[in-house]
Asks: 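Structure below; questions to follow.
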Amino acid sequence: MKNTEPRRTRRKAFLSTQVPDPWFGSASVSAVVNDLRLVLFALVPAFALLASCTVGPNYVRPTADTPAAFKEMEGWKTAQPRDQELRGKWWEAFNDPLLNDLQEQVSLSNQNLAQAAAQFRQARALVQSARAGYWPGVTAGASATRSQSPSGFVSQNQNLNVRGPSTSYSLSLDAVWEADLWGRVRRTVESNEAGAQASAADLEALRLSIQAELAQNYFQLRALDAQKQLFDATIAAYQRSLALTQNQYAAGVVAKVDVIQAQTQLRTTQAQALDIGVQRAQLEHAIALLIGKPASSYSLAAAALAATPPALPVGMPASLLERRPDIAAAERRMAAANAQIGVAKAAYYPSLTLSASGGFQSSSFSNWLTAPSRFWSLGPALAQTLFDGGLRRAQTEQAIAAYDANVAGYRQTVLTGFKEVEDNLAALRILEEEAAIQEDAVQNARQSVALTTNQYKAGIVSYLNVVTVQATALANERAAVDILNRRLAASVLLIKALGGGWDASALPLPDELARSDATPGKGAAQTR
């Protein structure tokens with residue numbers, strides 16, 4: 001019987017040095033891979049140190065010319081007790097339940113707001129897309145290829161005795177990661193985050209604009225209702241005057257011309273009353289559009305104009321920079337443009353890419369997923385652009401110019417905000433004085449109509465005098481209604497100019513933008 005012990009010993013020694021590694025093959029190959037692993041682990045601190053380098057300027061908000069106080073605040077009546085900011089649902093200050101109901105429908109049904117909300121979701125998705133650059137890309141692939149070489153052609157790896165078609169099976173897993181050594185990815189994320197915040201501010205600016213437009217249209221419609229009531233009362237008075245004139249003409253007291261004048265005045269006023277219906281219908285349709293309803297199926301019943309301009313908290317000019325969503329949007333766009341400068345400058349520096357791949361490849365299906373069919377590769381790649389014809393310099397200059405343009409746009413938006421506040425403060429102050437004087441004119445006109453009508457009945461004056469004072473009274477009544485409407489519109493525009501109760505703290509934070517449920521308005525300003 002043969003002694004097999006030496007063979008077992010030799011076989012054990014052979015297996016200890018030649019059996020393939022569970023993934024990478026032979027022990028010698030495994031040793032090389034272990035060396036590569038040690039090298040990579042040693043480079044990790046160096047990568048981390050380089051990754052802390054972010055090129056490009058850090059964002060600092062540029063200054064804007066801010067006055068110490070509003071010029072038109074002198075003599076302005078602020079809210080009592082003194083409150084420095086608008087709060088919550090600003091339209092409730094007008095104490096109109098129907099207006100409150102209409103404003104609630106704006107956020108639910110307005111299609112322009114729905115479009116802006118979708119654009120915000122798009123901007124938020126760009127943030128998530130940019131954040132993906134922090135992580136490696138991993139792909140998997142499987143293939144089976146049937147092929148045949150041309151007659152007379154033999155590759156270096158092909159058996160000379162093999163002819164005819166051959167099959168190749170492959171299953172691979174690849175990973176590629178570009179180290180963010182110079183902050184290109186970080187600046188891109190920073191830019192997209194600021195862009196998403198600008199989109200959120202745009203959404204709130206549009207919401208405020210639509211709410212203000214709705215309030216203006218509503219008050220103008222109610223002013224037309226008030227004028228229609230005025231016309232109806234005036235037409236009834238003119239009909240009585242016509243009857244009086246006809247009676248006097250029948251009695252031979254007055255001439256036919258008085259009857260004609262009375263009829264002309266009545267018909268003219270009736271035509272003016274009908275003309276109001278055109279503008280009222282258009283305003284009703286505009287309101288239907290703002291609340292997201294078909295104009296053909298929506299109507300508002302006529303009602304009196306009962307609202308009065310409320311006392312509003314104006315605050316200090318400096319606070320306007322945080323309270324207007326359009327200013328916040330312009331500021332966030334500056335931050336986004338600033339970060340793009342860093343993205344452009346990162347192109348001047350080399351890029352480091354780490355890649356790894358592994359899998360199974362075999363010409364036999366039965367041996368496909370076996371240890372001898374395994375393959376792998378691992379290694380870094382460093383690349384640097386040496387010549388690009390001035391492309392990087394042009395891109396950097398473009399980014400700097402875009403930032404400068406956004407700075408100018410921001411400062412212009414701030415100046416516009418101050419102008420709008422001053423405009424409407426002046427309008428409210430002057431219109432309040434005008435309303436008081438106009439009310440005296442209305443009372444005097446009414447008294448003049450009563451006195452002149454009595455004189456006409458007594459035969460002291462002609463009917464032309466009656467027509468004149470009645471026309472003057474109607475004009476003054478309409479002027480009073482128009483002044484009230486303008487005061488209400490100026491109040492709404494002042495609220496809009498002040499930001500409508502919005503605050504920059506309502507913008508979603510960068511960490512919130514990474515979540516799919518990030519929504520503008522979830523901050524403190526919404527809960528006021």
Side-chain angles (χ1 to χ4, degrees), residues 89-117 203-236 267-310 420 424 427-428 431 435 438 474-497 500-501:
K89 301 176 180 179
W90 54 265
W91 52 86
E92 293 181 349
F94 295 95
N95 297 317
D96 192 316
L98 182 53
L99 175 61
N100 297 344
D101 180 65
L102 292 174
Q103 293 287 7
E104 294 294 341
Q105 296 180 51
V106 166
S107 295
L108 298 176
S109 304
N110 185 273
Q111 295 306 303
N112 285 335
L113 280 181
Q115 181 184 21
L203 173 58
E204 296 308 314
L206 178 61
R207 190 192 312 276
L208 176 59
S209 178
I210 293 174
Q211 290 170 342
E213 184 180 357
L214 173 61
Q216 287 180 278
N217 288 345
Y218 178 79
F219 289 134
Q220 188 174 358
L221 183 143
R222 289 299 179 226
L224 291 177
D225 287 344
Q227 290 194 26
K228 183 62 168 59
Q229 292 176 349
L230 176 61
F231 272 116
D232 290 343
T234 302
I235 289 171
R267 291 305 185 187
T268 301
T269 307
Q270 288 174 333
Q272 290 175 340
L274 288 174
D275 187 66
I276 287 179
V278 176
Q279 190 177 1
R280 189 189 190 282
Q282 292 173 348
L283 287 170
E284 191 175 70
H285 300 161
I287 291 174
L289 179 64
L290 292 174
I291 62 176
K293 292 186 177 181
S296 57
S297 61
Y298 182 77
S299 61
L300 272 175
L305 179 60
T308 56
E420 290 175 350
N424 291 288
L428 283 171
L431 286 172
Q438 185 62 41
L474 178 59
N476 278 280
E477 295 273 10
R478 294 187 67 184
V481 173
D482 181 65
I483 291 173
L484 176 57
N485 177 45
R486 291 168 61 193
R487 291 176 64 196
L488 291 169
S491 296
V492 172
L493 291 175
L494 177 59
I495 292 172
K496 179 184 175 184

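Just so you know, these numbers use all the heavy atoms, side chains as well, and skip hydrogens, waters and symmetry mates.
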Asks: For L203 versus A116, what's the shortest heavy-atom pair and its separation?
Replies: CD1-CB, 3.5 Å
Asks: Heavy-atom distance under 4.5 Å between the side chains of L98 and Y218, does that happen here?
Replies: yes
Asks: Which side-chain N or O atoms in residues 271-279 pair as donor and acceptor under 3.5 Å with protein atoms at least two apart or in another chain?
Replies:
none

Asks: Under a 4.0 Å N-O cut-off, is there an ion pair linking D232 with K228?
Replies: yes
Asks: Could you measure the distance from the CD atom of Q227 to the CZ atom of R478? Nearest 0.5 Å is fine.
Replies: 4.5 Å
Asks: Do F94 and L488 pass the side chain to side chain contact (heavy atoms under 4.5 Å, CB included) test, and can you show the C-alpha distance, the side-chain angles, and the key distance before you say yes or no?
Replies: CA-CA 9 Å; F94 295 95; L488 291 169; 4.0 Å; yes
Asks: Could you give the distance from CG (L113) to CG (L206), rounded to the nearest 0.5 Å?
Replies: 5.0 Å
Asks: Please check if any side-chain donor atom of E104 sits under 3.5 Å from a side-chain acceptor atom of N100, or the reverse.
Replies: no
Asks: Taking atom CD of Q438 and atom CG of N476, what is their separation to the nearest 0.5 Å?
Replies: 5.0 Å
Asks: Between F231 and L474, does a side chain to side chain contact (heavy atoms under 4.5 Å, CB included) hold up when you go through it step by step?
Replies: CA-CA 8 Å; F231 272 116; L474 178 59; 3.8 Å; yes
Asks: Any luck finding a side-chain donor-acceptor pair between K293 and Q105 under 3.5 Å?
Replies: yes
Asks: Would you call V492 and W90 a side-chain contact if the rule is heavy atoms closer than 4.5 Å?
Replies: yes
Asks: Roughly how far, to the nearest 0.5 Å, is the CZ atom of R486 from the CG atom of L431?
Replies: 5.0 Å
Asks: Which atoms form the tightest heavy-atom contact between R487 and A435, and what is the distance?
Replies: NH1-CB, 3.8 Å
Asks: Looking at every heavy atom in both Q216 and A489, which two are closest together, and how far apart are they?
Replies: NE2-CB, 4.1 Å
Asks: Counting N and O atoms only, with roles assigned by atom type, does the side chain of D96 sit under 3.5 Å from a partner on the main chain of L99, one being a donor and the other an acceptor?
Replies: yes
Asks: So which atom in R222 and which in A304 form the shortest heavy-atom distance, rounded to 0.1 Å?
Replies: CD-O, 4.1 Å
Asks: Calculate, to the nearest 0.5 Å, the distance between atoms CG and CD belonging to L289 and E213 respectively.
Replies: 8.0 Å
Asks: When rounded to the nearest 0.5 angstrom, what is the spacing between CG in D225 and CG in L230?
Replies: 12.5 Å
Asks: Would you say the side chain of F219 lies within less than 4.5 Å of the side chain of L484, judging by non-hydrogen atoms?
Replies: no
Asks: So, for L305 and A223, which heavy atoms are closest and what is the spacing to 0.1 Å?
Replies: CD2-CA, 4.0 Å
Asks: Do Y298 and H285 touch side chain to side chain, with heavy atoms closer than 4.5 Å?
Replies: no
Asks: Using every non-hydrogen atom in the two residues, find where L300 and I287 come nearest and quote the distance to one decimal.
Replies: CD1-CD1, 3.8 Å
